[in-house]
Novice: 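To start, I am sharing the structure in question, which I have written as structure tokens.
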There are 2 protein chains.
Amino acid sequence: MLTKEQLIEYSEDARKTYLDHISIDCVVFGFHEGQMKVLLLKPDDEEKWLLPGGFVQKLEPIEMAANRILKERTGLDKIFLQQFHIFGDPDRAKFHHDLYKDTVPDEENWFAKRFLSIGYYALVDFFGVVPQADQFSELCTWRDLDDMPELLLDHELIFKTALDTLRLQLNYQPIGYNLMPGEFTMPELQKLYETILDKKLDRRNFQRRILGFGILTRAEQPRKGGAHKAPYLYSFDLEKYQNALTEGFKGGW
Amino acid sequence: MLTKEQLIEYSEDARKTYLDHISIDCVVFGFHEGQMKVLLLKPDDEEKWLLPGGFVQKLEPIEMAANRILKERTGLDKIFLQQFHIFGDPDRAKFHHDLYKDTVPDEENWFAKRFLSIGYYALVDFFGVVPQADQFSELCTWRDLDDMPELLLDHELIFKTALDTLRLQLNYQPIGYNLMPGEFTMPELQKLYETILDKKLDRRNFQRRILGFGILTRAEQPRKGGAHKAPYLYSFDLEKYQNALTEGFKGGW
DNA sequence: AACAATGGTGTATAAAGTACACAATTGTAA
DNA sequence: TTACAATTGTGTACTTTATACACCATTGTT
């Protein structure tokens, strides 16, 4: 244990040495018309795009910060959020730094700092979102997964890491409750998996596997009205879904 | 884009609102005599124990910080490190805060802050480690996985999360290169898996599965001298091992 | 020389994953 | 009205992987 004097000295040292700045960047996934979408911001006077993000406030739990930030951009309140990595290269804020470096000296420029950024990914209901730009951006909108623009900073890396994590997650957790509408058909759910994985799946094997998870309830009436054979409607059995989320699927060992 | 005045005002606001403190906590796993071990610190004047940790310095990449911190505690240089979560409850530093709260006022006490902590786990060679206590601790030593003492702060949670992550990792990545000596027998490797998973595995099926990964090389001579039948010696084929690390094992989808 | 303890290898069975075929329904074009 | 394309539902054979269990080999001990 330190003495009083040691503690005060240590504290002064530490204050100079260790202060840092935490931001959160979110990869928000939505699903619409058979396409996986990501919510992006287009900053003023810039070609490239950004992930929605913000700063963690003093004493604010990071989970709460992530929810707050996403509420500002999407209007949504209770969002499926998953922390997946922290990114911490010292020069990752270079964009904002460069943008303002001729305007004000570094000492007065908040952006002339290193930002550690916590990466979250979110799975949301496409129709529930009302995209809202922030003060630095002219646009906040959905972009297709297979038509992504170039991203600023290390947001390319953050996005890729999020997608990899999501794909990995498919192997041991159910997915879809947060992305699909209340009722959906099996082919629609399959399309979700196919866009996430970026590959075709066999219709019949997909159906068997998904049903084998035991997390779906089939409605009595199929969906009428469309062309072709009327498909059955399914919904997630929330209790079993939640259980599968915590338990995980197959063991491996 | 902000004007000069807006930027300066924004920066001042931000400085007050967002400054934070980043620490790193490490769960260091070692393997010795058929037992999984974790490196722990016993602070002065405390019953409970701590994980080795430290602070990330300004402008220091976090990966580098983790390596630096572990070098101080273990003497090891190039360590297998895996970031797995960031822990950010506002009151998680309560221990140090309480410890010193009667000694100096909060403004002068570095510990009267919220610390965000990045959790890393490390897999190391047991014999390569020379445990070294820090200035706050009377002891730094290995503890058996099944004989863990109580831990301070949220280190219990950090440890559990690390173990869960490690167990999950077993399902899609090889493990052992960083934990086993250069040459080892199949039963020894099996014991590693068994202690991590905390369950018995079938000898014969384990062997087939591991060999099926194609990452082991069998030495020509078995290990002589011990009692009973002489077991074969294996070593990891580093190239194939690395490849399996990045590729992952089974797909699932 | 018999025995206990440990390690190496094989085989039968069950479960899971893959590939593919056929029937049913619905709107549309002939 | 009928043939057809498109889509969906269901089944079945085959392959691969996982699981359970049996037998033999080696080595030191009794």
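Letters A, B, ... are given to chains in the order of the sequence lines, protein chains preceding strands, and every chain is numbered from 1. Values in this document were obtained by computation on a predicted structure and should not be read as measured data.
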Novice: Using a 4.0 Å heavy-atom cut-off across all strands, classify A:Arg223 as base, sugar-phosphate, or nothing.
Specialist: nothing
Novice: How does each nucleotide of nucleotides 10-15 of chain C score, in 5' to 3' order, for protein heavy atoms under 4.0 Å: base (B), sugar-phosphate only (S), or none (-)?
Specialist: BB----
Novice: According to ring pair (Phe, Tyr, Trp, His ring centres under 6.0 Å), who are the partners of A:Tyr234, at least two apart in sequence or on a separate chain?
Specialist: none
Novice: Once you round it to whole Å, what is the distance between C1' of C:dG8 and CG of B:Leu233?
Specialist: 14 Å
Novice: In whole Å, what is the span from the CG atom of B:Asn171 to the C1' atom of D:dT17?
Specialist: 15 Å
Novice: Measure the distance from OH on B:Tyr232 to C1' on C:dG8 and round it to the nearest whole Å.
Specialist: 7 Å
Novice: Which residue in the set A:Asp144, A:Thr195, A:Asp147 passes side chain to side chain donor-acceptor pair (under 3.5 Å) when paired with A:Lys37?
Specialist: A:Asp144
Novice: Would you say the ring centroid of A:Tyr193 lies under 6.0 angstrom from that of A:Phe206?
Specialist: yes
Novice: Given atom CZ of B:Phe206 and atom C1' of D:dA18, what is their separation to the nearest angstrom?
Specialist: 15 Å
Novice: Would you mind reading off the distance between A:Phe213 atom CZ and C:dG17 atom C1', rounded to a whole angstrom?
Specialist: 12 Å
Novice: Give a yes/no answer on whether the side chain of B:Arg203 brings an N or O atom under 4.0 Å of OP1 or OP2 in D:dT19.
Specialist: no
Novice: Could you work out, with ring pair (Phe, Tyr, Trp, His ring centres under 6.0 Å) as the rule, every residue matching B:Phe159, not counting sequence neighbours?
Specialist: none
Novice: Taking only side-chain N and O atoms of B:Gln207, does any of them lie within less than 4.0 angstrom of OP1 or OP2 on C:dG7?
Specialist: no
Novice: Looking at A:Arg167 and A:Ile196, would you say the former's side chain and the latter's main chain have a donor-acceptor pair under 3.5 Å?
Specialist: yes
Novice: Please report the distance, rounded to the nearest Å, between CZ in A:Arg209 and P in C:dA16.
Specialist: 11 Å
Novice: Answer whether the closest heavy-atom distance between the side chains of B:Asp134 and B:Leu41 falls below 4.5 Å.
Specialist: yes
Novice: A:Trp142: what forms a ring pair (Phe, Tyr, Trp, His ring centres under 6.0 Å) with it, not counting sequence neighbours?
Specialist: A:Phe126
Novice: What residues, two or more places apart in sequence or in another chain, satisfy ring pair (Phe, Tyr, Trp, His ring centres under 6.0 Å) together with A:His228?
Specialist: none
Novice: Quickly work out the B:Ile210 CD1 to C:dG8 C1' distance and round it to whole Å.
Specialist: 16 Å
Novice: Quick check, are the ring centers of B:Phe84 and A:Phe84 under 6.0 angstrom apart?
Specialist: no
Novice: At a cut-off of 3.5 Å, list every protein nitrogen or oxygen paired with a nitrogen or oxygen from nucleotides 3-6 of chain C, distance to 0.1 Å.
Specialist:
from: C:dA5; atom 1: N3; to: B:His228; atom 2: ND1; distance (Å): 3.2

